[in-house]
Amino acid sequence: MNILDFNNSIVILQDSMKDRFLKMMNDEGKLLNIKVITLSEFKKKYFFDYDNKAVHHVVKKYGVIPSVAKIYLENLYYVVPFVNKKVDFLIDILNDLKFNNLLTFNPLFKEFFNGKKVILYNLCFVDKFYNKAFDELRDKCEVISYDEEVNISGKKNVYRAKNSEEEVLFVAEKISKLLLDGVSINNIKIYNIPSSYIFVVNKIFKLFNICIDLPYSSSLSGSLIVNKFKELY
């Protein structure tokens, strides 16, 4: 790629790509007029942002730990008005935070794009949530998609976990990072999940608020404590 192609533009990219892109700008050795915005920065400025006061409010009112409160707050961005108990719950939180002035809105940020050239860098697999916002930008400025070919050949990393819970936790954290980078959950696939992992996957993914549909059924006679009782008996 030629970094000069991005001069006099606003570049929106994945969070994980920012350091690499800034390094390419620095290596060029020229003064470039490029404004770099990550997806996380774009989301917080285009829609709304929150601070520790909002986290504390959710913790206190809904009786959850801070990490769960943050998951609730992050999911507020994706709330849509359809009938669903989970979504209704998030809408209640959103309206409550608005009423208590615990969300920060930046109306001038949208005006910042007027008449500018915006380049979406390697965002071909971005979630439709972002695409809707980018479509709105097209009404006020020039929006261009710039996607490089991704080389998937070469060395692969191999990881070893101590147990199934550590393994599934690692996968959940990786998926969360992909979602943070704007990758649609529909483009994330997991294959060959052993039946013995289904309970652990459902449990840990629920903590990360990652939607996954795996069949799981259990019976009292097959539980660990009952098997142990039968063994001792």
Side-chain angles (χ1 to χ4, degrees), residues 10-18 35-116 118 120-121 123 125-141 143 172-173 175-188 203-213:
I10 302 169
V11 176
I12 303 177
L13 41 62
Q14 297 175 0
D15 293 45
S16 59
M17 295 292 295
K18 183 175 183 179
K35 172 66 175 178
V36 179
I37 302 176
T38 66
L39 282 179
S40 291
E41 294 168 341
F42 176 81
K43 179 177 66 176
K44 292 177 180 180
K45 293 180 180 180
Y46 194 85
F47 296 99
F48 62 83
D49 195 6
Y50 62 86
D51 56 17
N52 288 332
K53 290 182 180 179
V55 176
H56 178 71
H57 179 82
V58 174
V59 167
K60 186 176 180 180
K61 182 163 184 176
Y62 297 94
V64 296
I65 60 177
S67 59
V68 173
K70 290 179 181 179
I71 290 175
Y72 287 165
L73 288 164
E74 282 299 313
N75 277 279
L76 295 183
Y77 292 103
Y78 309 99
V79 167
V80 290
F82 57 80
V83 180
N84 182 293
K85 289 184 179 180
K86 184 176 181 180
V87 172
D88 289 343
F89 172 66
L90 291 175
I91 291 176
D92 288 341
I93 296 178
L94 179 63
N95 291 333
D96 179 45
L97 292 171
K98 286 181 178 179
F99 179 78
N100 289 283
N101 296 317
L102 291 172
L103 297 179
T104 304
F105 295 90
N106 186 357
L108 295 179
F109 183 69
K110 294 183 179 181
E111 304 303 319
F112 168 71
F113 291 94
N114 288 345
K116 303 288 181 61
V118 178
L120 308 178
Y121 181 62
L123 296 181
F125 295 112
V126 76
D127 190 274
K128 61 182 179 181
F129 162 78
Y130 290 103
N131 280 325
K132 183 178 180 180
F134 297 153
D135 287 341
E136 293 177 358
L137 286 181
R138 288 184 172 89
D139 294 333
K140 58 182 64 181
C141 62
V143 179
E173 290 174 343
I175 291 176
S176 295
K177 185 177 184 303
L178 289 173
L179 295 175
L180 182 64
D181 280 341
V183 177
S184 170
I185 195 168
N186 296 320
N187 292 323
I188 302 173
K203 180 182 72 172
I204 293 179
F205 276 41
K206 184 177 181 180
L207 293 175
F208 280 81
N209 207 36
I210 299 173
C211 297
I212 188 168
D213 184 18

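Side chain to side chain, Y46 and E136 meet the donor-acceptor criterion of an N or O pair below 3.5 Å.
For K116, the NZ atom counts as densely surrounded, since its 6.0 Å shell holds more than 12 non-hydrogen atoms of other residues, nucleotides or ligands.
Atoms CG and CG, from L123 and N131 in turn, are 8.5 Å apart once rounded to the nearest 0.5 Å. With rounding to the nearest 0.5 Å, the separation of CG in N106 from CG in D49 is 9.5 Å.
A salt bridge does not link D135 with K132: every distance from a Lys NZ or Arg NE/NH1/NH2 to an Asp or Glu carboxylate oxygen is 4.0 Å or more.
The cationic atom of K60 (NZ for Lys, CZ for Arg) does not lie both less than 6.0 Å from the six-membered ring centre of Y62 and within 45° of the ring axis.
Side-chain N or O atoms of N75 include none that pairs as donor or acceptor with a backbone N or O of L90 at under 3.5 Å.
Not a single side-chain contact (heavy atoms from CB on, under 4.5 Å) links N52 to another residue, sequence neighbours left out. Checked against side-chain contact (heavy atoms from CB on, under 4.5 Å), N114 has the following partners two or more places apart in sequence or in another chain: E111, K140.
Ring pair F47/Y130: centre-to-centre distance not below 6.0 Å.
Between F112 and F109, the ring-plane angle classifies as parallel under the 30° and 60° cut-offs. Using the six-membered ring where Trp is involved, Y77 and Y50 have ring planes that are tilted, between 30° and 60° apart.
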